[in-house]
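Okay, so here's the structure we're looking at.
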2 protein chains.
Amino acid sequence: MTTAETLTASLEDYLEAIFHIIAEKRAARPKDIARRLKVSNPSVTGALRLLAKKKLVNYAPYDLVTLTGKGEEAARDVIRRHEVLRDFFVKVLAVEQDVADKAACKMEHSIPGVILERFIQFAEFVEVCPRGGSKWIAGFGYHCDYDSAMENCEKCIAQALEEVKKKKRQGGKKKMPVTKLKDIPPGGKCKVNRVAAGKASSRIIEMGVVPGALIEVEKIAPLGDPIDIKVKGYHLSLRKEEADGIDVTPLNAR
Amino acid sequence: MTTAETLTASLEDYLEAIFHIIAEKRAARPKDIARRLKVSNPSVTGALRLLAKKKLVNYAPYDLVTLTGKGEEAARDVIRRHEVLRDFFVKVLAVEQDVADKAACKMEHSIPGVILERFIQFAEFVEVCPRGGSKWIAGFGYHCDYDSAMENCEKCIAQALEEVKKKKRQGGKKKMPVTKLKDIPPGGKCKVNRVAAGKASSRIIEMGVVPGALIEVEKIAPLGDPIDIKVKGYHLSLRKEEADGIDVTPLNAR
DNA sequence: ACAAAAAGTTAGTCATACCTAAAATACATC
DNA sequence: GATGTATTTTAGGTATGACTAACTTTTTGT
Ligand SMILES: [Mn+2]
Ligand SMILES: [Mn+2]
Ligand SMILES: [Mn+2]
Ligand SMILES: [Mn+2]
């Protein structure tokens, strides 16, 4: 089970920083951590000793720092909270990137799991629901920028009406388009239709790749082998054989 | 100007507690504060000395505690953040009341002003936008409760289509209904059309009661004199003469 | 190889924010 | 008005989390 040892906000930030530095270089030097978190060197030494005591980092004086398994798990969890909040602020609330990022890194330490999941679900709902969608969210941008908020309401309604009608016509004529996950381009989003029961299916199902789930494709390696996706805020790397068993409906063209 | 002395999360919570206790009784006793915040008595004494040093509370040993003007302003600010977050969690994200409240009281200390305003604006946008609305938000409830999310999508779209059409017909035939603020019942919401330029208009305009603003009526006193409203997260108490100058469009019937 | 520079650690300080135990004060009641 | 109880404060302690100054170790350049 996931040990729920409570970490302080400060220690979570150290873990987060160490993870990111390791992702860039191979291991983290205390100096890098200090620079990134804008604290003094002795502060880093202190934090590393606390983290080592909790078995979250491998640390010996004058040595490079790496994360233990437990530490990486904890770091990923912090980063997930950070990214979910940041993305909600940017994509739903139309907040500026760097403001959103700073706020996310402050709030990530106090958001309960239930509410984090709701942030994800809401963003997905907006994406998926015919009454929501990116065009509707764009309307919120207007609502923020111009004080005379819903001036162009007429236009917005007409458009929504059109789209709903079109969707209905399409829905009546032909089936929803079904593709393989590998055919979704990087940056594209899709909804899972079916996960073929294969050897590796249990792992991906556990991570949230189930029928109905929203997937964002992040990166596809040259030969299509590791496909990086994001599901419910989790970054996942799928092997070709895993991805091949996933049938999806593309969502890009709304 | 509002002195932006940075308060710690802990001190903000003390201010918040003191404000609420004073609202219930006349003044706050350290014991009340300790009970409410679930800390020991000496912790309260310590906090009160810090707050007194910052001129936020009137405090003398063994005496009752009251807020200074500055202290009340700071307390109201914390409470506004708390309520805005809580209401967003409950009304938009469909989070349970007490979970939302606890989370709000943790996150209120780290949310930047810009994002707080966006939370308010988004909730208002959902309320006001013809593509949003309470029925649409209810759809998010389904999306959360049932895994087979948008099963009843067809119905939802049809309904939305109907409403948009009806709105359009109404819009073509007759003018938007205009009422006085005093005619909105407690719990009702409305949009400000016009604020008559009177003696007291500058105060309420400063607080955000401007054309286009969304108002929620909270309480109307027996003779209609103090009308308690909420605008952009601020609780306001309007005198009859102030309320009389405010023309609104009711929003209840969507 | 060795000195200088850079990086890292230790030691010691300070502020917040809790706590318990003990002393002081206020109040309530007989 | 004495006395007991509840409240409040003081005293003293712990833990986090930051800092500076001084020391040690490692790295780097010649
Ligand atoms: Mn972060
Ligand atoms: Mn952070
Ligand atoms: Mn609060
Ligand atoms: Mn709080």
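By convention in this document, chain letters (A, B, ...) are assigned in the order of the sequence lines, proteins followed by strands, and residues within each chain are numbered from 1.
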What's touching nucleotides 9-12 of chain D from the protein side, N or O pairs under 3.5 Å?
unit_1 : atom_1 : unit_2  : atom_2 : d
D:dT9  : OP1    : B:Tyr59 : OH     : 2.3
D:dT9  : OP1    : B:Tyr62 : N      : 3.2
D:dT9  : OP2    : B:Thr45 : OG1    : 2.9
D:dT9  : O4'    : B:Tyr62 : OH     : 3.4
D:dT10 : OP2    : B:Arg49 : NH1    : 2.5

Do the side chains of [X] and [Y] get close enough for a salt bridge, i.e. N-O under 4.0 angstrom?
{"X": "A:Glu73", "Y": "A:Arg76", "answer": "no"}
{"X": "B:Asp101", "Y": "B:Arg86", "answer": "yes"}
{"X": "A:Glu12", "Y": "A:Arg81", "answer": "yes"}
{"X": "B:Lys25", "Y": "B:Asp32", "answer": "yes"}

What integer distance in Å separates [X]:[atom1] from [N]:[atom2]?
{"X": "A:His109", "N": "D:dT16", "atom1": "NE2", "atom2": "P", "value": "17 Å"}
{"X": "A:Leu37", "N": "D:dC19", "atom1": "CG", "atom2": "P", "value": "10 Å"}
{"X": "A:Lys31", "N": "C:dG8", "atom1": "NZ", "atom2": "C1'", "value": "10 Å"}
{"X": "A:Leu7", "N": "D:dG17", "atom1": "CG", "atom2": "C1'", "value": "15 Å"}
{"X": "A:Arg29", "N": "C:dT9", "atom1": "CZ", "atom2": "P", "value": "12 Å"}
{"X": "B:Leu51", "N": "C:dT16", "atom1": "CG", "atom2": "C1'", "value": "13 Å"}
{"X": "B:Leu64", "N": "C:dT25", "atom1": "CG", "atom2": "P", "value": "18 Å"}
{"X": "B:Lys38", "N": "C:dC19", "atom1": "NZ", "atom2": "P", "value": "13 Å"}

Q. B:Phe88 vs A:Phe119 aromatic rings, parallel, tilted or perpendicular, using cut-offs 30° and 60°?
A. parallel
Q: Would you please confirm or rule out a distance under 4.0 Å between OP1 or OP2 of C:dC18 and any side-chain N or O of B:Tyr14?
A: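 Yes.
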**Q.** Any B:Ser43 side-chain N or O less than 4.0 Å from OP1/OP2 of C:dC19
**A.** yes
Distances under 3.5 Å only, N/O to N/O: pair up the protein atoms with those of nucleotides 12-14 of chain C.
none

Q. Going by heavy atoms in the side chains, are A:Ile33 and A:Arg29 under 4.5 Å from each other?
A.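 With C-beta onward as the side chain, the pair stays apart.
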(Q) I want to check something: taking the side chain as every heavy atom from C-beta on, are A:Lys91 and A:Glu127 in contact at a cut-off of under 4.5 Å? (A)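 Result no, sub-4.5 Å side-chain heavy-atom pair not found.
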Q | Atom of B:Val231, atom of B:Gly208 and distance for their closest heavy-atom approach | A | CG1-O, 3.6 Å
**Q.** Charged tip of B:Arg80 within 45° of B:Tyr234 ring normal and under 6.0 Å
**A.**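 Yes, B:Arg80 and B:Tyr234 form such a contact.
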Q. Is the backbone N or O of A:Ala27 less than 3.5 Å from a side-chain atom of A:Thr66, with the two atoms forming a donor-acceptor pair by type?
A. no
Q. For the helix from C:dA1-D:dT30 to C:dC30-D:dG1, what is the angle between the axes at its two ends, each from 5 pairs, rounded to 10°?
A. 10°
Q) Of the nucleotides C:dA17, D:dT7, D:dA18, which one has an atom closest to the side chain of A:Ser10? A) D:dA18
Q. Hey, mind stepping through A:Asp228 and A:Ser237 against side chain to side chain donor-acceptor pair (under 3.5 Å) and telling me if it holds?
A. CA-CA 4 Å; A:Asp228 292 348; A:Ser237 196; 2.9 Å; yes
Q: Assign A:Ser40 to base, sugar-phosphate, or nothing according to its heavy-atom contacts below 4.0 angstrom with the strands shown.
A: base
Q. So what does A:Thr8 hit on the nucleic acid, given a heavy-atom distance under 4.0 Å: a base, only sugar-phosphate, or nothing?
A. sugar-phosphate
Q: Verify the ring-centre separation between B:Phe122 and A:Phe122: is it less than 6.0 angstrom?
A: yes
